Amino acid sequence: MRADKCPRCGKGPLAEDANTGEFYCTNCGYVMKEKLEETRPEWRSFGEEQGGENRARTGMPTSITSFDMGLSTVIGSSNRDASGSSLSGAMKHTMDRVRVWDKRSQAANSFDRNLRQAFNEMKMFAEKLAVRDEVIERAAYIYRKAVERGVTRGRSIIQISAASLYAACRDMEVPRTLKDVAAVSNVSKKDLARSYRILVREMDLQMPVPDPIKSVSRIASRATVGEKTKRRALEILTKAHQKEIVAGKDPMGLAAAALYVASTLEGNGKTQKDIADAASITEVTLRNRYKGLRQALGI
DNA sequence: TAAGATAAGAGGGACAT
DNA sequence: ATGTCAGTCTTATCTTA
């Protein structure tokens, strides 16, 4: 699996630097920008509703989910310049300073260690949630900002990681509920919700209002209702939106209710329980939305 | 058996104190 | 900071068709 030819001089062989894990050409000295394993494209599909046709590429050249942005060159310790002569005293001093900062970029401090751990957690959560890589990138960005602003102080990495991921989903309108994220992250829904709100408040995040329409196909596939019913549910939701009865309501509940109405209208016997289970809400909540929907639309 | 109704409890936002 | 209030969702239980 490992290429052993240098992309610059075409020869080789390549060797791994024991300290940095980087690969370099033993012939010309060319250093790979990436760890070799990450350079090959890796194709996979995401999400149950995309059905596999929506493919994304993993292994970005420089990813902010990598704690040091993938820049991992290390400055050596010998006080010699490129041609091998000794450095002047002033230059030695300068190089010392450079090395200090270089070290700091190597996860030598708690800031980077913290980020690295958080990113690993978020990747694991995201994998289980089957969300696209862009969402992870977004989550990583939010987390980094949160740490820089000191929002995370006194809160667990896991909690803020999960909250960042949830925030990223919200931000990018990927329909994942608090419950979903809580389940994969082992953080209670309550704590997750609280951390999420803290993130939003402390960082003045502007979140789009969750759109029930985005949730419909998710519920539909889980409850195995047909495409026709799904489209009907979408029409119902659009009408409901015009009647302005959707404000402040749980989007999952609305989506589920619309699907239930559509399903009844189409005459394929889905019970309230079927739909409610598929949407991870209670039958009562579904009924309440359903009642409002029927009223507003005169069904 | 499915659908509807009722009641109690939790958690958070808005607003006032 | 703390308390109250209205509104929402959830769970449990009972009734109705």
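Residue numbering restarts at 1 for every chain, and letters A, B, ... go by the order of the sequence lines. All values reported here derive from a predicted model rather than from experimental measurement. Keep in mind that the numbers below use all heavy atoms, side chains included, and drop hydrogens, waters and symmetry copies.
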J.: What's the closest nucleotide to the side chain of A:Thr271 if the choices are C:dC9, C:dT11, B:dA2?
T.: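 In terms of side-chain proximity for A:Thr271, the closest of C:dC9, C:dT11, B:dA2 is B:dA2.
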
J.: Nearest-Å distance, NZ (A:Lys190) to P (B:dA10)?
T.: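 In whole Å, B:dA10 P lies 10 Å from A:Lys190 NZ.
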
J.: Could you pull out all residues at least two apart from A:Lys128 that satisfy side-chain contact (heavy atoms from CB on, under 4.5 Å)?
T.: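 With sequence neighbours excluded, A:Lys128 shows a side-chain contact (heavy atoms from CB on, under 4.5 Å) to A:Val184, given in chain and number order.
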
J.: One thing to verify: whether A:Glu202 and A:Arg149 come together as a salt bridge, which I'm taking to mean a side-chain N less than 4.0 angstrom from a carboxylate O.
T.: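 Here A:Arg149 does not pair with A:Glu202 in a salt bridge, since their nearest N and O are not under 4.0 Å apart.
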
J.: Closer than 4.0 Å, any side-chain N/O of A:Lys249 to the OP1 or OP2 of C:dT8?
T.: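 Answer is yes, contact under 4.0 Å.
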
J.: Atom NZ of A:Lys179 to atom C1' of C:dC9: distance rounded to whole Å?
T.: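 Rounded to the whole Å, the gap is 10 Å.
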
J.: In whole angstroms, how far is the C1' atom of C:dT10 from the CG atom of A:Leu178?
T.: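 Answer to the nearest Å: 14 Å.
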
J.: Take a 6.0 Å sphere around NZ of A:Lys270 and say whether it holds more than 12 heavy atoms from other residues, nucleotides or ligands.
T.: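 Atom NZ in A:Lys270 is crowded, with more than 12 foreign heavy atoms closer than 6.0 Å.
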
J.: Roughly how many Å is it from CZ in A:Arg289 to C1' in B:dA3, rounded to a whole number?
T.: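 Taking CZ of A:Arg289 and C1' of B:dA3, I get 17 Å after rounding.
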
J.: Output the rounded distance in Å from CG (A:Leu286) to C1' (C:dT8).
T.: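 In whole Å, C:dT8 C1' lies 15 Å from A:Leu286 CG.
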
J.: When the distance from CG of A:Asp277 to P of B:dA3 is rounded to whole Å, what number comes out?
T.: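 It is 12 Å, rounded to the nearest whole Å.
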
J.: Across the strands shown, which category fits A:Arg201 at heavy-atom distances under 4.0 angstrom: base, sugar-phosphate, nothing?
T.: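 No contact.
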
J.: Nearest whole angstrom, please: distance from the P of B:dA2 to the CD of A:Glu283.
T.: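 Roughly 9 Å, once rounded to whole Å.
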
J.: Mind calculating the distance between CG (A:Leu293) and P (B:dA3) to the nearest angstrom?
T.: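 Value for this atom pair: 16 Å.
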
J.: So do the side chains of A:Arg116 and A:Asp112 get within less than 4.5 Å of each other, counting heavy atoms only?
T.: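 Contact flag for A:Arg116/A:Asp112 side chains = no.
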
J.: Side chain of A:Ile281, heavy atoms from C-beta onward: which of B:dG12, C:dT10, C:dT8 has the nearest atom to it?
T.: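 Of the candidates, C:dT10 comes closest.
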
J.: So which heavy atom on A:Lys179 is nearest to which on A:Ser280, and how close?
T.: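 Nearest pair, atom of A:Lys179 first, then A:Ser280: NZ-O, 3.1 Å.
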
J.: For A:Tyr196 and A:Met207: C-alpha separation, side-chain torsions, deciding distance, then whether side chain to side chain contact (heavy atoms under 4.5 Å, CB included) applies.
T.: CA-CA 11 Å; A:Tyr196 165 71; A:Met207 290 299 175; 3.5 Å; yes

J.: Does OP1 or OP2 of C:dT10 have a side-chain N or O of A:Thr285 closer than 4.0 Å?
T.: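 A:Thr285 to C:dT10 OP1/OP2: side-chain N or O found under 4.0 Å.
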
J.: Any N/O pairs under 3.5 Å between the protein and nucleotides 4-7 of chain B? List them or say none.
T.:
unit_1: B:dG4; atom_1: OP2; unit_2: A:Gln272; atom_2: NE2; d: 2.4
unit_1: B:dG4; atom_1: N7; unit_2: A:Arg287; atom_2: NH1; d: 3.3
unit_1: B:dG4; atom_1: N7; unit_2: A:Arg287; atom_2: NH2; d: 3.4

J.: Sequence neighbours left out, what passes ring pair (Phe, Tyr, Trp, His ring centres under 6.0 Å) with A:Tyr260? Give chain and number order.
T.: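 If we apply the ring pair (Phe, Tyr, Trp, His ring centres under 6.0 Å) test to A:Tyr260, skipping adjacent residues, the hits are A:Tyr290.
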
